[in-house]
Amino acid sequence: MVVLANPPVVDQIPLLRSPGPRDTFSGVPVVDLSSPGAARAIVDACERFGFFKVVNHGVPAATMGRAESEAVRFFAQAQSDKDRAGPAYPFGYGSKRIGLNGDMGWLEYLLLAVDSASLSDACPVPSTAAFRSALNEYVAAVRKVAVRVLEAMAEGLGIADADALSSMVAGAGSDQVFRVNHYPPCPELQGLGCSATGFGEHTDPQLISVLRSNGTSGLQIALRDGAQWVSVPSDRDAFFVNVGDSLQVLTNGRFKSVKHRVVTNSIKSRVSFIYFAGPPLEQRIVPLPELLAEGEESLYKEFTWGEYKKAAYKTRLGDNRLAQFEA
């Protein structure tokens, strides 16, 4: 954390050291989803980092570009117009305040509910037909990517039921959420060696998260020992996948949910889309029997996704949400 004697006004947003070239992580695992070796590569990446990049995913560039253009158009509106789409409790437009527990970030966002493969009708934001259509097309496409990734995980883990993980997301009642984040530039900090926190360090509670950005850097992940934060090179043509807390439990800790954060850019805006693949609220979250060696016991107490979701969202971003569920 950076502390300045006379900090610029950034609304009490925590400041971080600005990333430099030496912080760039050149070892991000890249998974070619069309390759026969994708399943093994995904498992290896999840065991090592809980994070990987997906290429050859099959989502048309036009689908990604249209969603991005509509998002940029939405966030370029007057603040009063955007505020009418909020507050984000739980769904809608939010600015700077993340959740209800005091977390702050230099961002504005849309948090949206997903029903099956499109935005929920119960979530009226966004109201413009063009933006909603673009996001529905994008959500349907990225959901297919998530299903393919989870099927490949099951294959790579040697689970007999190929749908053991993907059915939790693709089945009826799955709890899916979609987030559109906009991190405006913060020119007041340019040249000071520090950047505003866009989204503070955290893990995602769901099974996996699938992220794409507009190509502006800012995403950082913590390597396994947690002592080193590294910057992920941007790639607007690829998707990045995070292991979430629930998948960590389902694999009995074999996969680790990755701690990540976003550091703002002083010059360029960052727009990102995150699809959170969650199971139905009543889904039991326990280690899959096929992944337990003979005599191996669960590292976690049994709980449902609904119970974990309720507990997780009562915490601050940086809290260890799984600690209270450890056996």
Tabulate below the donor-acceptor pairs under 3.5 Å that side-chain atoms of residues 52-59 make, not counting sequence neighbours, or state none.
from, atom 1, to, atom 2, distance (Å)
Lys53, NZ, Asp235, OD2, 3.1
Asn56, ND2, Asp32, OD1, 3.0
Asn56, ND2, Asp32, OD2, 3.1
His57, ND1, Val59, N, 3.0
His57, NE2, Asp237, O, 2.7

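- At most 12 non-hydrogen atoms from other residues, nucleotides or ligands lie less than 6.0 angstrom from CD of Glu297.
- Considering CD1 of Ile42 and CD of Glu47, their distance stands at 12.0 Å, rounded to 0.5 Å.
- Electrostatic pairing of Glu108 and Lys82 counts as a salt bridge here, judged by a charged N lying under 4.0 Å from a carboxylate O.
- Inter-residue side-chain proximity for Ser213 and Arg236 is flagged as unmet; no heavy-atom pair is nearer than 4.5 Å.
- Note: Gln324 CD to Thr315 OG1 = 8.0 Å, rounded to the nearest 0.5 Å.
- Using a cut-off of 4.0 Å between Lys/Arg side-chain N and Asp/Glu carboxylate O, Arg284 and Glu302 are scored as salt-bridged.
- Atoms CG and NZ, on Leu247 and Lys256 in that order, are 11.5 Å from each other to the nearest 0.5 Å.
- Distance CG/Asp319 to NZ/Lys314: 13.5 Å, rounded to 0.5 Å.
- In this structure, Ile267 and Gln190 have side chains that are in contact, with non-hydrogen atoms separated by less than 4.5 Å.
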Open item on the list: Phe273 vs Glu68, test: side-chain contact (heavy atoms from CB on, under 4.5 Å). Steps then yes/no.
Closed with: CA-CA 8 Å; Phe273 301 90; Glu68 182 182 314; 4.2 Å; yes

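- When atom types are taken as modelled, the side chain of Thr304 and the backbone of Glu307 share a donor-acceptor pair closer than 3.5 angstrom.
- Val142 and Val147 are not part of a single hydrophobic cluster, where members link through side-chain heavy atoms under 4.5 Å apart.
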Task: Stepwise side-chain contact (heavy atoms from CB on, under 4.5 Å) check, Trp305 with Glu282 - done: CA-CA 6 Å; Trp305 163 242; Glu282 66 277 9; over 6 Å; no

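- Looking only at distances, no side-chain donor or acceptor of Arg212 sits under 3.5 Å from a matching main-chain atom of Ala238.
- Side-chain atoms of Ser133 never come within 3.5 Å of backbone atoms of Ala129 as a donor-acceptor pair (strictly under, hydrogens ignored).
- Residues Leu150 and Leu288 share a hydrophobic cluster, clusters being chains of Ile/Leu/Val/Met/Phe/Trp/Tyr side chains in contact below 4.5 Å.
- Ser231 and Asp23 share no side-chain donor-acceptor pair at under 3.5 Å.
- Thr203 places no side-chain N or O within 3.5 Å of a backbone atom of Asp245 that could act as its donor or acceptor partner.
- If you check the side chains of Ser18 and Ser195, you find a donor sitting under 3.5 Å from an acceptor.
- Separating the OG atom in Ser174 from the CD atom in Gln283 is a distance of 10.5 Å, to the nearest 0.5 Å.
- For Phe74 and Phe131, the ring centers are positioned less than 6.0 Å apart.
- In this structure, Asn214 contributes its side chain and Ser269 its backbone to a donor-acceptor pair below 3.5 Å.
- Scanning all heavy atoms of the two residues, the minimum distance from Ala39 to Gly156 falls at CB-N, 3.7 Å.
- With Asp204 contributing its side chain and Ser209 its backbone, the two residues share no donor-acceptor pair below 3.5 Å.
- Under the 6.0 Å cut-off for aromatic ring centres, Phe199 and Tyr109 do not qualify, their centroids lying 6.0 Å or more apart.
- Judged by distance alone, with hydrogens and angles left aside, the side-chain atoms of Arg254 form no donor-acceptor pair with the main-chain N or O of Val249 at under 3.5 Å.
- If you take CG on Asp175 and OG on Ser246, they are separated by 10.0 Å, rounding to the nearest 0.5 Å.
- Counting heavy atoms from C-beta on, the side chains of Lys309 and Leu281 come closer than 4.5 Å.
- For Leu112 against Phe91, the heavy-atom pair with the smallest separation is C-CD2, 3.6 Å.
- Using modelled atom types and a 3.5 Å distance limit, the side chains of Tyr300 and Gln248 yield a donor-acceptor pair.
- For the residue pair Asp83 / Tyr93, no side-chain donor-acceptor distance below 3.5 Å is found, with atom types taken as modelled.
- At least one donor-acceptor pair closer than 3.5 Å links the side chain of Ser234 to the backbone N or O of Gly215.
- For the pair Phe240/Ile274, no side-chain contact is recorded, criterion being any heavy-atom separation below 4.5 Å from C-beta on.
- Partners of Arg84 under the side-chain contact (heavy atoms from CB on, under 4.5 Å) rule, at least two apart in sequence or in another chain, are Asp81.
- Cluster annotation: Val258 and Val28 are assigned to the same hydrophobic cluster (Ile/Leu/Val/Met/Phe/Trp/Tyr, side-chain heavy-atom contacts under 4.5 Å, transitive).
- Scanning for side-chain contact (heavy atoms from CB on, under 4.5 Å) contacts around Pro184 gives Trp106, His182, with sequence neighbours left out.
- Summarising the geometry of Glu151 relative to Ser166, their closest heavy-atom pair is CG-OG, 3.5 Å, with the distance given to 0.1 Å.
- Summarising the geometry of Pro19 relative to Gln220, their closest heavy-atom pair is CG-NE2, 3.5 Å, with the distance given to 0.1 Å.
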TODO: Before giving the answer on salt bridge (charged side-chain N to carboxylate O under 4.0 Å, His left out), spell out for Glu326 and Lys301 the whole-Å C-alpha distance, their side-chain angles and the decisive distance to 0.1 Å.
DONE: CA-CA 6 Å; Glu326 292 174 353; Lys301 303 170 188 175; over 6 Å; no

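- Side-chain polar atoms of Asn181 and Tyr183 form a donor-acceptor pair below 3.5 angstrom.
- Two residues are said to be in side-chain contact when any heavy atoms from C-beta on lie closer than 4.5 Å; His260 and His202 meet this criterion.
- A donor-acceptor pair shorter than 3.5 Å cannot be found between the side chains of Thr216 and Asn265.
- Within a 6.0 Å radius of CZ in Arg97, other residues, nucleotides and ligands contribute 12 heavy atoms or fewer.
- Annotation: Phe178 is not in aromatic contact with Phe276 [ring centroid separation under 6.0 Å not met].
- Val72 and Val180 fall within the same hydrophobic cluster, defined by Ile, Leu, Val, Met, Phe, Trp and Tyr side-chain heavy atoms under 4.5 Å apart, directly or through other members.
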